[in-house]
Amino acid sequence: MNLTLKIWRQKSAQDKGQIVEYKVKDISDHMSFLEMLDVLNESLVAKDEEPIAFDHDCREGICGTCSLHINGEAHGPDRLITTCQLHMRTFKDGDTIFIEPFRSKAFPIIKDLMVDRSALDRIQQAGGYISVNTSGNSQDANAIPISKPNADESMDAAACIGCGACVASCKNASAMLFVSAKVSQYALLPQGRIEAKDRVTNMIKQMDKEGFGNCTNTGACEMECPKGISLNNIARLNREYLVASI
Amino acid sequence: MSILNSKVPEGPIKDKWTNHKNHINLVNPANKRNIDVIIIGTGLAGGSAAATLAELGYNVKAFAYQDSPRRAHSIAAQGGINASKNYMGDGDSDYRLFYDTIKGGDFRSRESNVYRLAEVSKSIIDQCVAQGVPFARDYGGLLDTRSFGGTLVSRTFYAKGQTGQQLLLGAYSAMNRQIAKGKIQMFNRHEMLDVVIVNGKARGIIARDLVTGEIERHSAHAVVIASGGYGNVYFLSTMAMGSNATAAWKAHKKGAFFANPCYTQIHPTCIPRGGDYQSKLTLMSESLRNDGRIWVPAKLEDAKALQEGKLDPNKIPEEDRDYYLERRYPSYGNLAPRDISSRAAKERCDAGFGVNKTGEAVYLDFASAIQRYGKLQANIQGIVNPSPEKIIALGEAVIEEKYGNLFQMYEKIIDANPYKTPMMIYPATHYTMGGLWVDYNLMTTVSGLYAIGEANFSDHGANRLGASALMQGLADGYFVLPYTIGDYLASDIKTGKIPTNTPEFEEAEKAIKERIDFFMNNKGTHSVDYFHKKLGKVMWDKVGMGRTAQGLKEAIEEIREIREDFWKNVKIPGKSDDMNTELEKAGRVADFLELGELFAKDALDRNESCGGHFREEYQTDEGEAQRVDEQFSYVAAWEYTGKPSEAKLHKEELKFESIEVKARSYK
């Protein structure tokens, strides 16, 4: 298939970016979206032009490195996948595709489609852990039985890949889904209860400090989340935060 | 007498580690504050080591080329992590895990290291649970396990199909706690480009800030390489796009011996290749072999029809199917180890029985598991005389709960429903058992330079068993290195900060800058990927699943030609003082082009077949790998002398005192 791509190009954080149009030809519908961009980049290198910078690494939907707003949706039109798992069969011959970076005040652009998501790391550093040192003599793993439903729900929350699609999809650029996933993972486990109050307080504080917006329950984050993280986690986060605040 | 000293402690195998820990030097907590450690890579090995060393009080500087430590490729490990907990009461023990690992490695690993690995495996599970890793549990609230290849017990702990992700996020959370305290200084989007040696000791690195392009000097009292394996030498593999061998290769060029480069794992269950545009291959977890049955048609005419797309595999009757793993290896069946399963798939496909249009795919079929689980669920739910449709629906629900994410991944790539039509799979490069040679303390042949996780060679011999990479990465990082590095650093308590304004740092930095300038000014004709793909093809065709002396000699010649062409004709657009992904790739591919040659040289030198190294000249009448123990029961550790072709071989003889060496059989 032949496509028209309208891609955001920006030399650096300071530079004023713009949309640049590219044409690609003979794209196979078995290609992944990023392989299509590889083909474009190869052709740019051949013409002595700078290739388009975009983040990607594992290309199997788990590392959370890839991003991209494709036709106005984080990770593109398909559901429950990341951009690297998006395949060209989702598009039709002759389509025009807009490709932009994840946009949020807390995610400054590094170059072209690459953004700085270290704000998410700093939220985790504020409390996204259980304070236990490596010792080799902590209690036996089976000494703490955990009900299967709780363990499963904790796992579902822990499946977050930290890609930032929730932030990019939210009209308020809120990171609530991301924060709630980590808070929920620990809140559902007995090991996590001990520091629960400090954790939620500190993570929310850091979230606000980074410049993320507030949640107004639009649900766009859940809709666009490649891992299907549920809005229920935000409800749990609010409850945890309320309990910690009183 | 070899110059290699493995420093294996004396005494019976089960006491070696305890005795060693009791007698090595310790650094007192006040002194640890004055000692810096650099760690390259933040996967399971690097991340767990960084967190643990910081907890102990050392100042850690951690480096990752990714934008966050959480993105290291350990995250992609799906199936699970082994531990000899024996929670299932099925006869597991440290000895059995040790035995399975040594046998799985085809008797080419160091006995003492493997026993230690089995010994500490239990602590890993305890540690991860304490950290809040949400492992799968049964209805009683206790931990669940499953079986992996090459074992007869159920010792693999898992978190859905995302075990690597959950373990890595556990290590990442432990790192975050230390980053917040300032005990770990994290350098994201930084790539190590050389190690700096001062007076024979590793004392720092040269790194490039990938965002600004700035070349930086960092010093420390010890340097730990935890940068993973070199599987991307094949271009196509299940590694991440950025996975590279540069840190390990630069260490090698500065004096660290490189061991057993030819031991590579080709994983049997990956999604088959598509077209030339393909950028990477995707693994389907080995855990699928708990329930999936592997087969090809028994009749060539059926295979032909499948290849032409004229036949529905579901229409092939049971008697016309060849479940070749069950046929050849009745006692392990579909759970035969990876090297054996991969070769068996290749053998069938080479004989013309492949099932997709390229003839390079076999089926992994869940129909009988769906039936089995469906009937079981009907019984549990008290459904009398369930309809065939009901049984299938119930069975599919069980399969979805167990492997849903993998099935979804498959469906997105192949555009076919694996619940209804059998999956198509084919082997792909997945892991490298070879790596930097290390002694029992995980130190390389350079003082103060350590290698942990996949970057070292020590535990998996010639073939790694499933769910053992996670185990080794975390064992090294949480429970081995933090002890052994203290033994070395105890002599550094009075050294003070290592200055970076010395000739050694200057010289290393100059060489890096010259290389970058060369790339930027070389007005070549081809992109980096052009050369990488050429190298990958030679590696796969001639240094892949089946190797011959003739093919390896050709490969060495061809790699040299590609390398010469690369240095003449590679083209890098953009600038060096900027984010420049082509420049990053150029450096990595330049190193792969040297490593690839040493890889082929090692494979040519090892005139036997063992584990993942299959020399077609050395096989039994039944097509199994044939070791030549009298001549090759050693670790091949290569010393760099200026060119890969002139690398000098050092041998570490392998002695097996606690285990009887025999032919490896899974029949």
Just by distance, no angles: are the side chains of B/Gln66 and A/Thr65 close enough, under 3.5 Å, to form a donor-acceptor pair? no
Could you look at B/Ile179 and say if it's the side chain, the backbone, both or neither that has a heavy atom under 4.5 Å from chain A? side chain
What part of B/Phe479 gets closer than 4.5 Å to chain A, counting heavy atoms only: side chain, backbone, both or neither? side chain
Side-chain donor-acceptor pair under 3.5 Å between A/Glu35 and B/Ser279, yes or no? yes
So, A/Asn142 and B/Arg137: side-chain donor and acceptor under 3.5 Å apart, yes or no? no
Of the backbone (N, CA, C, O) and the side chain (C-beta and beyond), which part of B/Gln78 lies under 4.5 Å from a heavy atom of chain A, both, or neither? side chain
Just do the side-chain contact (heavy atoms from CB on, under 4.5 Å) check on B/Lys160 and A/Asp156 with the steps written out, would you? CA-CA 9 Å; B/Lys160 278 202 170 165; A/Asp156 288 343; 3.0 Å; yes
Report which part of B/Ile414 has an atom under 4.5 Å of a heavy atom belonging to chain A: side chain, backbone, both, or neither. backbone
Do A/Met114 and B/Arg189 come close enough that some side-chain heavy atom pair is under 4.5 Å? yes
For the residue pair B/Val129 and A/Ala141, what are the closest heavy atoms and their distance? CG2-CB, 3.7 Å
Which region of B/Leu281, side chain (C-beta onward) or backbone (N, CA, C, O), has a non-hydrogen atom less than 4.5 Å from a non-hydrogen atom of chain A, or is it both or neither? backbone
Segment of B/Asp138 engaging chain A (4.5 angstrom heavy-atom cut-off): backbone
